[in-house]
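Quick note on labels: first sequence line is chain A, next is B, and so on, each numbered from 1.
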Protein chains: 2
Amino acid sequence: MAEPARHPIPENLDPALEMLVREIIERVADKWTMLAIEVLDEHGRLRFTQVGELIGGISQKMLTKTLRQMESDGLVLRTIHPVIPPRVEYELTDMGRSLGAAFCGVWIWAEEHRDRIEAARKAFRERSLP
Amino acid sequence: MAEPARHPIPENLDPALEMLVREIIERVADKWTMLAIEVLDEHGRLRFTQVGELIGGISQKMLTKTLRQMESDGLVLRTIHPVIPPRVEYELTDMGRSLGAAFCGVWIWAEEHRDRIEAARKAFRERSLP
DNA sequence: ATCCATACTTACCCAAAGGAGAGTGACATG
DNA sequence: CATGTCACTCTCCTTTGGGTAAGTATGGAT
């Protein structure tokens with residue numbers, strides 16, 4: 001078949017870098033991580049249960065997992081106070097805060113566009129039904 | 001127990017808005033959606049298979065699902081050319097491009113911080129093992 | 001008549017995400 | 001001695017994500 005003119009699909013410049021960046025984004029662009037960053041950015045240092053309450057609707061299991069992963073990625077600092085009952089506090093590191101800042105654009109975008117998204121969804125629904 | 005001084009956990013200003021923004025973010029902060037936005041932002045108008053090739057590693061099923069969802073949210077425009085074999089092209093809408101721009105910050109952040117993340121992970125691993 | 005290309009669906013299946021709820025440790029308080 | 005506190009951890013279970021492979025529709029090419 002005679003190929004119609006199309007984009008040549010140029011192979012990307014640095015596939016290795018590309019891969020790494022994607023891996024980071026997949027990891028970091030997770031629902032709970034984003035919400036945790038938001039509440040920690042907004043409220044500063046918080047203890048375990050406070051983070052959970054502020055996020056809302058997250059199970060202890062996922063909260064632990066999310067915070068641990070963030071800690072291992074260097075996004076949060078975890079401080080254990082050796083008291084009984086235990087007291088553990090979490091706060092964003094500089095890197096965590098900078099990620100929060102980067103996400104801020106997405107947050108603002110979501111706020112600004114929710115009406116248009118609603119409208120688009122409604123239009124799509126009506127366009128789909130006979 | 002005498003409560004130590006803590007943040008009063010101020011209830012957030014607008015829970016309804018907050019909820020909507022979160023819903024949008026959950027939806028949009030999806031791996032395939034982000035990658036689709038990236039390739040469409042970078043290459044302009046593309047047909048179905050091209051999008052799939054450029055994203056890489058995505059199944060037809062997920063590609064269809066992702067693109068349909070993006071269409072319903074008003075992020076992409078889907079143009080069906082009535083020819084045989086079928087030819088369908090996708091391109092970002094203005095809203096899709098603006099979301100791409102918002103994500104750009106995250107992308108750049110990931111590029112800039114991958115070394116520090118690697119280092120943090122390694123340090124965490126060593127700190128965890130006896 | 002058969003094959004091909006494209007953009008899908010559909011059916012089936014597995015693995016991972018994630019919720020619910022109970023259990024734990026260590027001490028302070030009633 | 002029983003109870004409560006906090007930050008988990010563990011187990012069981014359901015839901016979702018997502019892959020594979022096959023099927024569909026259509027007309028042009030061979």
Pick base, sugar-phosphate or nothing for B:G52, based on heavy-atom distances below 4.0 Å to the nucleic acid. nothing
Could you state the CG-C1' distance from A:L67 to D:dC6, rounded to the nearest angstrom? 14 Å
Distance check needed: D:dG17 C1' versus B:L63 CG, whole Å only. 15 Å
Looking at the side chain of A:I84, which of C:dC8, C:dC27, C:dG19 is the nearest nucleotide? C:dC27
Looking only at side-chain atoms of A:T49, point me to the closest of D:dT9, D:dA7, D:dG27. D:dA7
Tell me whether the OP1 or OP2 atom of C:dC27 has a side-chain N or O from A:R87 closer than 4.0 Å. no
Heavy atoms from C-beta onward define the side chain here; which of D:dA7, C:dA20, C:dC12 lies closest to that of A:F48? D:dA7
To the side chain of A:M62, which of C:dG18, C:dA7, C:dA11 is closest? C:dG18
Mapping A:K31 and B:P86 onto DNA chain C by nearest heavy atom, which one lands closer to the 5' end? B:P86
Length of the CH2-P vector between A:W32 and C:dA16, whole Å: 21 Å
Is there a path of hydrophobic side-chain contacts, each under 4.5 Å between heavy atoms of I, L, V, M, F, W or Y residues, that connects A:L46 with A:L77? no
For B:Q69 and D:dG17, give me the distance from atom CD to atom C1', rounded to whole Å. 13 Å
Side chain of A:K61 only, heavy atoms from C-beta on: which candidate in C:dT9, D:dC6, D:dC12 is closest? D:dC12
Hydrophobic cluster identity match, B:I80 and B:L75, side-chain contacts under 4.5 Å: yes
Looking at B:R78, does any N or O in its side chain come under 4.0 Å of the phosphate oxygens OP1/OP2 on C:dA7? no
Pick the nucleotide of DNA chain D nearest each of A:E89 and B:D30; which residue has the one closer to the 5' end? A:E89
Report the distance from atom CD1 of A:I58 to atom P of C:dA20, rounded to the nearest whole Å. 12 Å
side-chain hydrogen bond (donor to acceptor under 3.5 Å, both in side chains) partner of A:H81, chosen from A:R87, A:E89, A:R47: A:E89
Counting side-chain heavy atoms from CB outward, which of C:dC8, D:dC6, D:dG19 is closest to A:R47? D:dC6
Is there a side-chain contact between A:F48 and A:R78 in this structure, where contact means two heavy atoms from C-beta onward sitting under 4.5 Å apart? no
Which nucleotide in D:dC8, C:dT9, D:dT5 has an atom nearest any side-chain atom of A:Q60: D:dC8
Return the value, rounded to whole Å, for the distance between atom CD1 of A:I80 and atom C1' of C:dG25. 14 Å
Listed nucleotide nearest any side-chain atom of B:K65, set C:dG19, C:dT9, D:dG17: D:dG17
Is it true that a side-chain atom of B:R97 and a backbone atom of B:L92 form a donor plus acceptor pair closer than 3.5 Å? yes
